[in-house]
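Source: prediction; values computed, not measured.
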Amino acid sequence: MDYPERYELVFQALAVEDDVVVVRRTEKAGAGGYPVYEDESGIVRAEISDRGEVRMLASGGHQAPRTPLLARPLCP
């Protein structure tokens with residue numbers, strides 16, 4: 001199956017506009033077998049299914065990643 005190369009993850013921020021993070025597909029797969037995406041820093045990581053379902057992945061200790069409101073596929 002072909003998966004998008006990039007996604008925008010949209011997180012709700014209180015009292016300001018929403019926070020948008022662009023993630024790119026890696027060569028890794030998550031526990032569900034779907035591709036793992038991460039931002040340039042490697043801190044924001046997510047497994048995204050073929051239906052656009054997002055499972056956030058901790059990239060270090062003491063993280064409590066929030067689930068985004070939306071995952072938008074980006075064209076190359």
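Contact record, V20 with R72: CG2-NH2, 4.4 Å, taken as the closest heavy-atom pair. M56 approaches P68 most closely through the heavy-atom pair SD-CD, 3.8 Å.
Scored by the side-chain contact (heavy atoms from CB on, under 4.5 Å) test, R66 finds F11 as partners (sequence neighbours excluded). By the salt bridge (Lys or Arg N to Asp or Glu O under 4.0 Å) test, R6 pairs with no residue at all, sequence neighbours left out.
Hydrophobic clustering of Ile, Leu, Val, Met, Phe, Trp and Tyr side chains at less than 4.5 Å, counting indirect connections, unites V21 with Y3.
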Cut-off 3.5 Å, no hydrogens considered: what does the side-chain donor-acceptor table look like for residues 33-40, sequence neighbours left out?
unit_1 : atom_1 : unit_2 : atom_2 : d
Y37    : OH     : P4     : O      : 2.6
D39    : OD1    : S41    : N      : 3.4
D39    : OD1    : S41    : OG     : 3.0
D39    : OD1    : G42    : N      : 2.9
D39    : OD1    : I43    : N      : 3.1
D39    : OD1    : V44    : N      : 3.2
D39    : OD2    : S41    : OG     : 3.0

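If you take CG on L9 and OG1 on T67, they are separated by 10.5 Å, rounding to the nearest 0.5 Å. Residue R45 holds its CZ atom at 9.5 Å from CZ of R55, rounded to the nearest 0.5 Å.
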